[in-house]
Number of protein chains: 2
Amino acid sequence: MTTDPADPSTPGTVRPGGRTARVRAAVLRAAEDALVEHGFSGLDLGDIAQRAEVGRTTVYRRWGSTTALVADLLTDMAEQSLPRTHSGSLAEDLRANARLVQRTLADPRQGALFRAVIVAAHCDADTAEALRHFYRRRVAEWAPCVTEAVERGELPPDTDAPEVVRAVSAPLYYRMLTTAEPLDEAAADRAAAAAEAAARAGAYRSGRA
Amino acid sequence: MTTDPADPSTPGTVRPGGRTARVRAAVLRAAEDALVEHGFSGLDLGDIAQRAEVGRTTVYRRWGSTTALVADLLTDMAEQSLPRTHSGSLAEDLRANARLVQRTLADPRQGALFRAVIVAAHCDADTAEALRHFYRRRVAEWAPCVTEAVERGELPPDTDAPEVVRAVSAPLYYRMLTTAEPLDEAAADRAAAAAEAAARAGAYRSGRA
DNA sequence: CCCCTAATGGGACTCCCGTTCCGTTAGGAT
DNA sequence: ATCCTAACGGAACGGGAGTCCCATTAGGGG
């Protein structure tokens with residue numbers, strides 16, 4: 001126990017400089033590629049080190065486990081936020097959101113990445129929290145289109161905006177899990193329409209029950 | 001315990017007699033316990049063999065991989081079907097379904113088992129198909145309460161009954177994945193109410209789009 | 001009741017993941 | 001420009017998961 005490499009208790013001695021940042025970026029990109037190709041269960045830290053042209057020891061020391069690496073990747077992904085649409089119509093905005101989710105999940109690369117990340121989140125508590133943080137960001141980005149609809153009088157005043165946004169994604173994720181049918185635009189449009197109809201009927205009023 | 005003497009689900013059972021069936025039942029029960037305790041990623045076939053009081057070699061030979069074992073477990077689970085309610089009211093039936101799903105996912109044992117099984121399905125194509133078969137069974141059990149509502153004139157004639165049933169479960173599974181909030185009865189009731197409202201509005205008409 | 005063989009079980013072997021040790025490199029502060 | 005040390009990288013080590021071999025057990029047909 002001579003030198004503790006990853007000790008957070010010594011704040012002044014952190015060195016987040018050029019090389020460290022470069023290594024992190026290379027490893028995260030390599031991890032993304034590996035997740036897409038082999039899924040989370042087939043993740044091999046040695047393979048990732050080779051792809052990133054970095055020593056195996058470095059990967060094991062800095063992240064320690066596959067779940068911790070994915071958690072870090074999720075933190076990185078959460079910071080890249082996509083701007084939402086502003087069509088001025090609730091139906092249009094929800095449909096745009098649904099199609100964005102559908103296109104993401106149906107895309108070979110993005111879809112595989114999300115499935116792998118979901119698996120990782122199911123395997124570790126910290127990774128699960130990182131995934132929840134990612135979704136909080138995404139939901140917060142789209143929630144305003146619901147609150148604006150409330151202000152226009154299209155929806156009940158006490159509508160739970162984040163819940164409506166989640167209601168758009170939910171059937172798409174569930175469909176991916178339970179059926180082999182492809183996630184097409186029709187499915188996306190139906191998800192958006194169902195969420196809108198339920199919201200108009202007051203199913204998402206935050207008065208709870 | 002179900003000692004099925006003529007079980008077609010086990011591959012290569014030329015001799016499906018007493019011992020073989022006994023071993024299968026013991027291993028599946030042990031696998032269930034192990035999945036609940038350690039999750040899919042922590043699954044160890046050697047540990048399962050010990051729990052089942054069976055040789056390691058037997059488990060490796062008959063199932064070969066953790067995903068194949070989970071697929072067999074899912075086949076077994078699909079055969080135990082729970083009867084649905086018959087309240088005569090669409091709202092009541094959907095709410096009963098939502099609460100059944102909610103109670104299952106919120107239960108420490110059942111919930112952990114489902115999460116583990118979902119992970120396994122994400123890791124292997126055959127296991128995914130076994131999981132889809134399981135959900136087809138569950139959905140088919142509850143779909144009649146929607147078709148009966150259609151016949152009573154409560155819903156549009158071309159309503160896609162299985163889609164309505166899936167719409168009840170979807171938000172509960174999505175909530176489990178993306179938030180840390182507990183799955184309570186309020187969430188179940190809201191899921192049922194939203195699905196019903198969307199169905200009444202014609203969002204699940206099979207006319208497609 | 002007896003025999004044949006499918007199925008099981010123990011133990012040794014192999015391979016690879018993760019760890020540890022220690023020398024080398026490169027930030028960044030002075 | 002120089003030094004200090006955090007961070008990196010190669011190499012050897014240990015342990016455990018999965019495989020192989022062969023002796024043993026027990027269905028179930030005759």
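Numbered from 1 within each chain, the chains take letters A, B, ... in sequence-line order.
Counting to the nearest Å, the C1' atom of D:dT5 and the CZ atom of A:Arg19 are 11 Å from each other. Going from atom CG of B:Leu43 over to atom C1' of D:dA17 covers 12 Å, rounded to whole Å. At whole-Å resolution of the value, CG in B:Leu45 and C1' in D:dA17 are 9 Å apart. Atom CG in B:Leu69 sits roughly 15 Å away from atom C1' in D:dG18 (whole-Å rounding). Atom CH2 in A:Trp63 sits roughly 15 Å away from atom P in C:dG18 (whole-Å rounding). Rounding to whole angstrom units, CZ of residue B:Arg22 and C1' of D:dA26 are separated by 9 Å. Atom pair B:Arg24:CZ and C:dT8:P shows a separation of 12 Å (rounding to whole Å applied). Here the P atom of nucleotide D:dC20 and the OH atom of B:Tyr60 are 13 Å apart, to the nearest Å.
If B:Thr66 and B:Arg61 are placed on DNA chain D by their nearest nucleotide, the residue sitting closer to the 5' end is B:Thr66. Taking the nucleotide of DNA chain C with the nearest heavy atom to each of A:Arg56 and B:Val23, the more 5' of the two is matched to B:Val23.
How far CG of A:Asp107 is from CG of A:Leu113: 10.0 Å, rounded to the nearest 0.5 Å.
Between A:Asp33 and A:Arg51, some side-chain heavy-atom pair lies under the 4.5 Å cut-off.
Closest heavy-atom contact between B:Ala30 and B:Ile48: CB-O, 3.7 Å.
Contact between the side-chain N/O atoms of A:Arg62 and the OP1/OP2 oxygens of D:dC8 is found at a separation under 4.0 Å. Residue A:Thr58 places at least one side-chain N or O closer than 4.0 Å to OP1 or OP2 of D:dG9.
Side-chain N/O atoms of A:Thr20 and base N/O atoms of C:dG27 include no donor-acceptor pair closer than 3.5 Å.
Crowding of A:Glu181 atom CD: a count of heavy atoms from other residues, nucleotides or ligands under 6.0 Å exceeding 12. Counting non-hydrogen atoms of neighbouring residues, nucleotides and ligands closer than 6.0 angstrom, the CZ atom of B:Arg84 exceeds 12 such neighbours.
In the set C:dC21, C:dC17, C:dA12, C:dC21 carries the atom at the smallest distance from any side-chain atom of A:Thr57.
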